[in-house]
Amino acid sequence: MDVTLICFSQTGNTHQVATAMAAAFREAGHLARIIPLKEASPEDATRGDLLGVGSPCFSSQAPTLIKEYLRALPPLDDQLAFVFATSSGAPGRVLYDLTRLLRGKGAHVLGGFLARGQVHHPAPHMTGHSLGHPDAEDLTHARRFAVAVAEHVSAGRSGPLPESRPDALAPGRGLYDLMGLVSSDIMLRLLLPEPKPEPGKCDQCQWCVRQCPMDNIALQPHPVLGDRCIRCYRCLTGCPQKAFGADWRFADPFLLLLYNAASMRWFGDLEPGEQVY
Ligand SMILES: Cc1cc2nc3c(=O)[nH]c(=O)nc-3n(C[C@H](O)[C@H](O)[C@H](O)COP(=O)(O)O)c2cc1C
Ligand code: SF4
Ligand code: SF4
């Protein structure tokens, strides 16, 4: 079997899961290649016998850039597929977003896998959530899931994968599922602070221009943001000169209200006793 894994990963967590899955497919005698989203062409999704699509969860949903990629795909004509994601404990609709868009193109989605991933978000109450994930156990689960998918397909079974998370195949109805459904990029731009470049600190290295997933930063000669920001804060957390800042006075209490351990346990998928930090 020829497996294509198309994956967006901003800080490497989802890529670790993709790497573990690819290793498991290869150990089982299959071909597997990982294509980072920015390098993936629409045709890449149509090649091979099995397609895996992976993404981090941003704001309880799949990030705009992977949704845009999936919407622009050609028909997938019953292509067998699965989805995977990483999140900190409030995954909301991330898996189902991927499934829904793949199904919209005619793909046959067998199921989905989710692992915990450490948060690199600059809001004081968010940063460091799910510290150390994905860990060795998470990656073992990812490998097992890939083996289960491979066996399912090799046996000619086309029904839903028993090992799949239910929220990969049907939308959940919890608080975070609802938030993922209603929150749009426009709403995020209203509620969350814009990263503000401090020109005096910038040495024009271009890192943020290359890393912004939405190609939303231009150097003129210092960084200027366009109107496609999804508030992923890659520019702010990654700039080598720490040349971006943001005012968290209003947004941080709001984020704490929504993404705290108790809420993520009641309405997300944080296990009882599991530490947020
Ligand atoms: C801007 C942003 C928003 C996020 N929103 C959520 C969220 O709503 N729910 C959640 O469980 N995790 C959320 N996270 C955590 C990420 O999903 C998690 O850290 C993920 O593993 C990152 O994957 P990556 O390293 O592949 O980019 C968010 C992280 C960032 C940076
Ligand atoms: S990454 Fe930082 S230093 Fe480099 S161009 Fe962007 S703002 Fe300037
Ligand atoms: S400008 Fe910064 S916060 Fe906005 S999308 Fe680009 S990297 Fe993310």
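Atoms within each ligand, like the ligands themselves, are counted from 1 in listed order. This one's a predicted model, so the numbers in the text were calculated from it and none came from an experiment.
With respect to atom 3 (S) of ligand 3, the closest heavy atom belonging to the protein is Tyr233 N, 3.1 Å. Looking from atom 21 (O) of ligand 1 to the surrounding protein, the closest heavy atom is Thr86 OG1, 2.7 Å.
Considering both main-chain and side-chain atoms, Ser9 comes within under 3.5 Å of ligand 1 through a nitrogen or oxygen pair. Close N/O approach between Ala90 and ligand 1 is found [any backbone or side-chain N/O within under 3.5 Å]. In terms of N/O distances under 3.5 Å, ligand 1 is not approached by His15. Between Gly89 and ligand 1, at least one N/O pair is under 3.5 Å apart. Checking only distances, Ser59 does come within under 3.5 Å of ligand 1, N or O to N or O. Ligand 1 has a nitrogen or oxygen under 3.5 angstrom from a nitrogen or oxygen of Cys57. Between Thr14 and ligand 1, a contact under 3.5 Å exists for at least one N or O pair.
At a heavy-atom distance under 4.0 Å, no atom of Tyr176 approaches ligand 1. Within the 4.0 Å heavy-atom criterion, the part of Gln118 lying near ligand 1 is the backbone and not the side chain.
With hydrophobic clusters built from ILVMFWY side chains whose heavy atoms lie under 4.5 angstrom apart, Phe267 does not share a cluster with Leu114.
If you number the atoms of ligand 2 from 1 as listed, the ones under 4.0 Å from a heavy atom of Cys208 come out as 1 (S), 5 (S), 6 (Fe), 7 (S). Residue Gln204 has at least one heavy-atom neighbour below 4.0 Å for each of these atoms of ligand 2: 5 (S), 8 (Fe). Against a heavy-atom cut-off of under 4.0 Å, Phe244 is close to the following atoms of ligand 2: 7 (S).
Remark: distances from the non-hydrogen atoms of Pro197 to ligand 2 are all 4.0 Å or more.
Here Cys212 fails the criterion, with no N, O or S atom under 2.8 Å of atom 8 (Fe) of ligand 3.
Taking 4.5 Å as the limit, every side-chain heavy atom of Cys235 sits out of range of all side-chain heavy atoms of Pro223.
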